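Below is one structure, written out as structure tokens; comments come after it.
Note that this is a predicted model, so its numbers are computed, not measured. Reckoned from all heavy atoms, side chains included, excluding hydrogens, waters and symmetry mates.
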Amino acid sequence: MTDLTQAQVRERIAKRLASRHRKEKLFRGLGIASIAFGVLAVVILFSDIISKGSGAFMQTAIQLQVHYDAQVLGIDTVDDESLAWANFSGVIRQALRERFPSATGRSAKRELYSLVSSGAPFTLRDRLADNPKLLGGSETVWLAADDDVDTFVKSLKGSEAGFRGRTSDQKAGWIEQLLGSGELKKRFNTTFFTNGDSREPEQAGIRAALMGSLFTLLVTLTLSFPIGVAAAIYLEEYAPKNRWTDLIEVNINNLAAVPSIVFGLLGLAIFINFFELPRSAPLVGGLVLTLMTLPTIIISSRAALKAVPPSIREAAMGMGASRMQVVFHHVLPLAMPGMLTGAIIGMAQALGETAPLLMIGMVAFIVDVPGGITDPATVLPVQIFLWADSPERAFVERTSAAIMVLLSVLIVMNTCAVLLRKKLERRW
Amino acid sequence: MQTPTLLALLLLLVLAVYGTGFSRALGAARSLGGVRNLASLPSYYGLFAALWCGLPALLLLGAWIAFDDAVIRAMVLGSLPDKPDTPSGQNLLYAQIQNLSAGHLIGEKTPQLQSAADYLNRLRHNSSNLQAFLSLTLAVGLAAFALLRCSPKLCAREKVEKVLRAILVACACAAIFTTVGILLSVLFESLRFFQSVPVSEFLFGLHWSPQMALRADQVGSSGAFGAVPLFTGTLMVSAIAMFVAVPVGLMAAIYLAEYASRRVRALAKPILEILAGVPTVVYGFFAALTVAPFIRDLATSVGLQASSESALAAGLVMGIMIIPFVSSLSDDVINAVPQSLRDGALGLGSTRSETVRKVVIPAALPGIVGGVLLAVSRAIGETMIVVMAAGLAANLTANPLESVTTVTVQIVTLLVGDQEFDSPKTLAAFALGLMLFISTLVLNFIALHVVKKYREQYD
């Protein structure tokens with residue numbers, strides 16, 4: 001066995017070489033396949049969300065000739081009180097009956113009335129409040145269509161039958177008739193950006209959730225950035241190397257990997273039950289997210305401080321600056337870009353976080369736009385979670401649209417962080 | 001006075017005091033013949049006075065805001081001659097009084113309630129007045145004290161720096177307070193839970209149905225708290241996720257570190273990182289509305305029975321989420337392997353893949369294992385994907401096409417919505433949270449330790 005001639009050895013190597021090269025190719029192929037899998041996941045995820053959600057930025061509306069008939073409305077003058085109980089849906093029903101006189105019988109009429117969103121009376125009320133002279137007169141207005149109509153119209157492409165759902169043949173006929181005469185069209189969905197949550201998909205919007213996210217992030221930023229930077233300064237510039245500092249370090253690294261839902265439990269038990277802060281408030285949400293993002297900010301701030309070369313510190317010390325002056329006058333300004341990048345990334349993380357906020361009651365159904373940090377509010381990711389649970393088909397596209405808004409905000413934030421790092425960070 | 005106005009007023013006062021301290025120091029310096037005759041720079045005298053003025057007043061204000069509701073509540077309830085004994089009864093009564101004082105009470109109005117509500121209003125009014133008065137007095141008094149102490153010989157800088165340093169230390173301890181807070185909050189509620197449900201039943205029971213009976217004679221809802229189905233569900237979903245994430249993430253990292261050209265690396269890395277930046281609720285939506293139906297249809301077409309909320313869908317999507325996590329951690333450790341090891345292997349005639357498999361990976365193994373452990377702890381603690389895609393039924397099953405539930409899903413379902421804090425149902429969530437916290441803590445601890453040891457090896 002040991003007495004192989006050189007030729008034999010060469011032959012064996014040549015034989016094995018082919019299989020080794022095959023293995024090499026396979027290995028490389030696996031690597032490429034893994035990258036391709038990841039990229040494919042990104043592409044599928046984004047195209048799925050965009051294809052589902054892009055429809056929500058358009059909203060179907062129906063043109064109607066409305067008479068502000070004082071008798072139907074049941075009011076004589078236009079003032080706050082009379083507007084509050086005036087029968088605007090009666091006006092709309094009348095307009096619909098006039099448009100389709102063929103609809104007789106109770107069930108047909110009910111079908112007819114359900115063409116228009118149940119929020120349409122409020123549109124009329126606002127129009128009349130803005131212009132009291134309309135009372136007794138008439139005008140043509142575009143009113144939001146019901147979500148079933150909206151879904152049906154959006155699914156009509158080419159000659160296909162479209163998604164019917166609860167829409168009957170008769171109703172579909174009306175819709176096609178309106179569509180043919182141009183009295184029904186898709187308009188840009190401003191409601192989606194100006195309204196709060198609603199049980200009716202066509203009236204639901206993300207404004208309240210956006211404001212809630214904004215307030216929550218404000219609380220988070222004002223607390224976590226100063227505290228995180230201060231902690232990083234202490235640990236990096238002052239802390240003696242001892243057991244106590246080690247404990248803090250291990251703690252921070254561990255906290256960075258604790259599941260976010262556990263922070264929610266902390267918020268529930270301490271902030272809500274012990275300190276009796278209001279439930280569902282951005283204040284509590286911000287506090288919980290502060291605790292959650294602190295490790296991220298501390299770790300990135302420490303990295304930024306570490307990147308400042310010791311020569312800067314030594315030079316400042318040599319000029320007679322105190323330790324505090326060295327840090328605050330020289331090191332901190334140089335480390336600031338890195339810290340800001342870390343803060344933006346931490347904020348992006350906080351903006352996308354859902355689970356801990358569910359624990360502290362930010363899942364409540366809240367219609368009003370919050371006006372401050374103690375008002376009940378919800379945030380964008382939680383709104384997405386709530387809508388994803390709703391049975392109406394029209395909510396699917398609104399959920400996707402809200403996701404698109406959330407993702408674009410996150411992309412903007414991350415791009416800012418990357419640009420900031422590129423532009424301001426110095427290589428020493 | 002409202003708290004925001006008070007804060008603004010305090011801020012103005014602090015600024016004014018800073019200005020005064022600064023200008024007085026400048027004045028003193030002028031009479032002495034220049035700033036260099038002062039013990040500290042003039043701005044430090046300003047800061048010294050400003051800290052004396054602002055800090056104690058802010059601390060007082062903070063403490064007041066934190067405790068005034070509790071104190072007022074105790075005083076109002078104490079003023080009532082006959083009040084309920086149970087905490088929930090007291091809560092109800094106090095809520096009624098609060099509603100009445102805010103002017104919207106539903107229900108009957110007794111004179112006793114009315115007087116309590118009036119008392120509450122009076123106390124609140126007094127409290128806010130007293131708060132404003134005390135904090136402003138404190139601020140002004142201490143500012144005057146500090147300004148009087150300012151003299152050219154006073155080492156203001158040292159005193160200011162001492163205070164600032166104490167603030168830095170306090171901030172650094174925030175992490176410890178957070179950990180202690182988490183521990184205390186889950187531990188206390190868990191202990192209360194284990195008083196009504198034995199630990200052994202919780203850890204080894206096979207049946208989970210946390211509904212408690214509302215009435216004693218109700219049928220079939222006595223509540224069972226055997227958490228084994230939750231643990232197996234969590235493990236199954238995490239295992240599926242790791243099955244996707246570890247090979248893909250590792251191979252991607254190897255390709256990027258060892259094979260890819262600079263351009264491919266610059267392009268592919270950020271794209272993979274996008275997966276890490278997508279919020280989990282988005283993955284949940286994707287899993288529930290796209291992946292789960294797809295898997296169900298696929299399974300039906302090959303003749304298998306799949307639930308529409310399968311463990312497979314949740315695990316698969318969770319795996320996709322964790323890919324960048326595994327790949328970036330492995331990328332770090334692979335890059336930390338010294339180039340000389342690779343050069344040696346290549347010089348002996350091994351192919352690149354042989355170098356990677358027989359030299360680089362064994363050398364990087366501790367780091368990779370640490371990264372995988374961190375990824376496992378993330379998979380266990382991941383919430384939104386499983387809440388939206390994995391279902392609620394606590395099935396004890398090994399079939400990934402069936403629906404399972406996880407620890408995090410149960411925490412969310414038990415705590416979202418109405419809760420009372422003395423029922424085992426709510427407390428069970430904290431016991432589950434304790435299990436979650438302990439298991440992820442152990443995993444993280446081991447992982448961080450391994451990674452740290454590994455780093456030291458090549459540093």
Side-chain angles (χ1 to χ4, degrees), chain A residues 20-21 23-24 27-28 30-32 34-35 37-39 41-42 45 48-49 227 230-231 233-235 238 247-248 251-255 257-262 265-266 268-270 273 275-276 291 294-295 322 324 348 352 354-355 358-359 363 381 384-385 388 396 399 403 406-407 410 414, chain B residues 66 69-70 157 161 164-165 167-169 171-172 174-176 178-179 181-182 185-186 189 248 251-252 254-255 259 268 271-272 274-275 277-282 285-286 288-290 320 323 351-353 374 377 381 383-384 388 408 411-412 415-416 421 430 433 436-437 440-441 444-445 448:
Chain A
R20 284 172 66 200
H21 281 172
K23 273 189 191 156
E24 167 76 23
F27 193 73
R28 203 190 164 106
L30 279 178
I32 294 178
S34 303
I35 302 268
F37 181 80
V39 174
V42 175
L45 181 67
D48 182 53
I49 301 282
I227 296 180
I233 288 176
Y234 178 73
L235 291 175
Y238 283 94
L247 182 70
I248 297 182
N251 234 306
I252 290 172
N253 288 331
N254 265 324
L255 276 184
V258 164
S260 58
I261 192 169
V262 174
L265 290 176
L266 163 91
L268 177 62
I270 293 196
N273 282 335
F275 285 112
E276 303 198 336
L291 297 182
L294 254 184
S322 74
M324 197 65 80
T354 322
L358 299 183
M359 305 281 95
V363 275
I384 291 168
F385 170 66
V396 172
T399 314
I403 289 177
L406 178 65
L407 285 178
L410 287 176
N414 282 308
Chain B
D69 278 345
R157 183 177 60 84
E161 288 187 352
L164 285 183
R165 195 180 156 138
I167 294 176
L168 292 185
V169 174
C171 289
I176 294 201
T178 312
T179 312
I182 290 177
S185 55
V186 290
E189 310 290 349
V248 174
M251 281 313 290
I254 289 171
Y255 185 80
Y259 286 96
I271 293 184
L272 285 185
I274 289 180
L275 285 177
V278 172
T280 53
V281 67
V282 177
F285 178 72
F286 181 64
L289 270 91
T290 306
I320 292 176
I323 289 173
T351 62
R352 268 188 162 175
S353 65
L374 281 180
S377 104
T383 311
M384 293 320 291
M388 292 167 86
T408 47
I411 296 179
V412 169
L415 285 184
V416 168
F421 257 81
F430 284 90
L436 190 64
F437 183 65
T440 52
L441 199 69
N444 295 338
F445 194 77
L448 291 170

May I ask you to test the B:L436-A:P259 pair for a side-chain heavy-atom distance under 4.5 Å?
yes
Between A:I35 and B:A268, which heavy-atom pair has the shortest distance, and what is it?
CG2-CB, 3.9 Å
Closest contact, heavy atoms only, B:M251 versus A:G31
CE-N, 3.6 Å
Need one label for A:A257: side chain, backbone, both or neither, based on atoms under 4.5 Å from any heavy atom in chain B.
both
Distance-minimising heavy-atom pair for B:S353 and A:E24
N-OE1, 2.7 Å
Does A:Y238, at its OH atom, have more than 12 non-hydrogen atoms belonging to other residues, nucleotides or ligands within less than 6.0 Å?
yes
Name the option with the most non-hydrogen atom pairs under 4.5 Å to chain A; the candidates are B:L272, B:T280, B:V282, B:I254.
B:V282
Honestly, the part of A:L407 sitting under 4.5 Å from a heavy atom of chain B is side chain
Please classify the contact between A:I227 and chain B as side chain, backbone, both or neither, with a heavy-atom cut-off of under 4.5 Å.
both
So, for A:I261 and B:G381, which heavy atoms are closest and what is the spacing to 0.1 Å?
CG2-O, 4.4 Å
Residue selection (most heavy-atom pairs with chain B, distance under 4.5 Å) from A:I270, A:L45, A:V258:
A:L45
Give, as side chain, backbone, both or neither, the part of A:F37 having an atom under 4.5 angstrom from any heavy atom of chain B.
side chain
A:L358 and B:V416 have their tightest heavy-atom pair at O-CG2, 3.8 Å
Proximal component of B:I323, with respect to chain A [non-hydrogen, under 4.5 Å]
side chain
A:I49 versus B:F285: any side-chain heavy-atom pair under 4.5 Å?
yes
Name the option with the most non-hydrogen atom pairs under 4.5 Å to chain A; the candidates are B:L441, B:V278, B:T351.
B:T351
Under 4.5 Å from a heavy atom of chain B, the part of A:N253 involved:
both
Among A:S322, A:P295, A:G352, A:A355, which residue has the highest count of heavy-atom pairs closer than 4.5 Å to chain B?
A:S322
Between A:N254, A:I233, A:V262, which residue shows the highest count of heavy-atom pairs closer than 4.5 Å to chain B?
A:N254
With a 4.5 angstrom heavy-atom cut-off, which part of B:R165 approaches chain A: side chain, backbone, both or neither?
both
Using heavy-atom distances under 4.5 Å, tell me whether A:L255 contacts chain B through its side chain, its backbone, both, or neither.
side chain
CG of A:N273 to CD of B:E189, rounded to nearest 0.5 Å, is 6.5 Å
Under a 4.5 Å heavy-atom cut-off, does chain B meet the side chain of A:L265, its backbone, both or neither?
both
So which of B:T408, B:V186, B:I167, B:L448 has the biggest tally of heavy-atom pairs under 4.5 Å with chain A?
B:L448
Identify which part of B:I274 has an atom lying under 4.5 Å from any heavy atom of chain A, answering side chain, backbone, both or neither.
side chain
Minimum heavy-atom distance between A:A41 and B:I320, given as atom pair plus value:
CB-CG2, 3.7 Å
If you count heavy-atom pairs within less than 4.5 Å of chain A, which of B:L168, B:L164, B:I411 leads?
B:L168
Inter-residue atom distance A:M324.CE - B:R157.CZ, 0.5 Å rounding
9.5 Å
Would you mind telling me which of A:I32, A:L30, A:L410 has the largest number of heavy-atom pairs within less than 4.5 Å of chain B?
A:I32
